[in-house]
Amino acid sequence: HKDTEYAKNLKLEAKKLHKKEEKEEGFSLIEVSKISDEDFSKISRKYIDLESIKFDQGSHLMTNEKCNLPPGSWRLSKKGYEEVYVPAVKHGKEEEKLIKISSLPEWAQPAFSTTKELNRIQSKVFPVAFGSMENMLVCAPTGAGKTNIALLTMLQVIGQYIRQDGTLDLSKFKMVYIAPMKALVSEVVGNISRRLASYGIVVNELTGDTALTKQQIEETQLIVATPEKWDIITRKSGDRTCLLYTS
């Protein structure tokens with residue numbers, strides 16, 4: 001029914017314009033106004049066969065004719081997929097210059113009381129994280145030790161406010177740690193609080209479920225927040241108090 005209606009509408013439009021349709025590939029001219037409704041509906045149309053061009057291989061397609069894997073790699077074929085195992089790169093002992101915790105200043109060692117040395121990535125960024133105030137971007141997988149790198153930067157700040165008598169001037173600085181999710185905020189607060197307890201550092205969380213009063217902000221040296229909450233805090237004029245103490 002829809003095809004017949006479509007044919008009628010198209011024919012009426014063609015008659016109004018008084019045009020002739022010239023078929024491609026050398027076909028003769030046809031005067032549309034002389035075609036009956038029945039004949040017009042029989043005119044063949046061009047269709048695209050989607051089934052014939054369907055991409056069956058999907059993610060299993062391998063466009064590279066040859067793929068060379070590192071020595072020691074092996075494949076394991078399973079139903080519907082294939083696992084490829086590539087051995088980890090082994091670094092020579094001469095390439096690894098790990099930072100010993102005992103080589104840190106004595107006041108910084110309590111934060112790493114359960115660790116004997118920094119790992120490779122921590123040792124690599126140690127000069128910048130602990131020894132300078134330069135900005136840095138660390139890209140590493142989960143479990144690589146990024147929290148310890150953040151702790152090194154905190155110790156760098158703490159070291160600037162140690163008095164000559166060895167005490168820490170807690171009223172002179174504030175630090176902010178941004179965690180991606182609320183669940184991680186609580187985890188970071190517990191972890192960092194324990195490791196900085198000997199310095200008298202107060203750690204508090206700031207998320208959509210929690211809020212800090214002016215007094216609490218004054219007593220806090222490290223604020224752990226989610227990106228969304230910190231964005232609201234830095235935009236909302238009513239919470240500008242927080243900024244006064246973190247600048």
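Just so it is clear, the values below take in all heavy atoms, side chains as well, and ignore hydrogens, waters and symmetry mates. In this text, all values refer to a predicted model and were calculated from it rather than measured experimentally.
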Quick check on [X]: does its [atom1] atom have over 12 non-hydrogen neighbours (other residues, nucleotides or ligands) under 6.0 Å away?
X	atom1	result
Glu134	CD	no
Asn135	CG	no
Lys146	NZ	yes
Met133	CE	no
Glu106	CD	no

With a 4.5 Å limit on heavy-atom distance, are the side chains of [X] and [Y] in contact?
X	Y	result
Met136	Val125	yes
Tyr161	Thr167	no
Val138	Ile121	yes
Ser102	Phe112	no
Leu168	Ile158	yes
Asn204	Leu222	no

Using only atom types and a distance under 3.5 Å, with no angle test, would you say the side chain of [X] pairs donor to acceptor with the backbone of [Y]?
X	Y	result
Ser73	Pro70	yes
Asp169	Ile162	no
Glu219	Gln216	no
Gln122	Gly145	yes
Lys174	Glu218	yes
Ser123	Ile99	yes
Lys100	Leu118	no
Gln109	Leu104	yes

Could you work out, with side-chain contact (heavy atoms from CB on, under 4.5 Å) as the rule, every residue matching Thr226, not counting sequence neighbours?
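Expected list: Lys182, Val185, Thr207, Glu228, Lys229.
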Validate the cation-pi geometry between Arg75 and Tyr85: distance from NZ or CZ to the six-membered ring centre under 6.0 Å, angle to the ring axis within 45°.
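Not flagged: Arg75 not positioned over aromatic ring of Tyr85.
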Do [X] and [Y] share a hydrophobic cluster, counting only Ile, Leu, Val, Met, Phe, Trp and Tyr and linking them when any side-chain heavy atoms are less than 4.5 Å apart?
X	Y	value
Leu170	Ile192	yes
Trp107	Leu152	yes
Phe173	Val224	yes
Val176	Ile217	yes
Ile149	Met154	no

[atom1]/[X] to [atom2]/[Y] distance, rounded to the nearest 0.5 angstrom?
X	Y	atom1	atom2	result
Lys97	Glu117	NZ	CD	15.0 Å
Leu196	Leu155	CG	CG	6.5 Å
Gln215	Thr220	CD	OG1	9.5 Å

Non-hydrogen atoms of [X] and [Y] that approach each other most closely:
X	Y	result
Gln156	Ala129	CB-O, 3.6 Å
Pro110	Ser198	CB-OG, 3.6 Å
Ala111	Leu151	O-CD2, 3.8 Å
Val202	Gln221	N-OE1, 2.8 Å

Tell me, which pairs form a ring pair (Phe, Tyr, Trp, His ring centres under 6.0 Å) where one or both residues lie in residues 175-226, sequence neighbours left out?
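Not a single pair qualifies under ring pair (Phe, Tyr, Trp, His ring centres under 6.0 Å).
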Is it the case that the side chains of Asn191 and Ser193 hold a donor-acceptor pair, with the cut-off being a distance below 3.5 Å and no angle test?
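No pair is found: no donor N or O on one side chain lies under 3.5 Å from an acceptor on the other.
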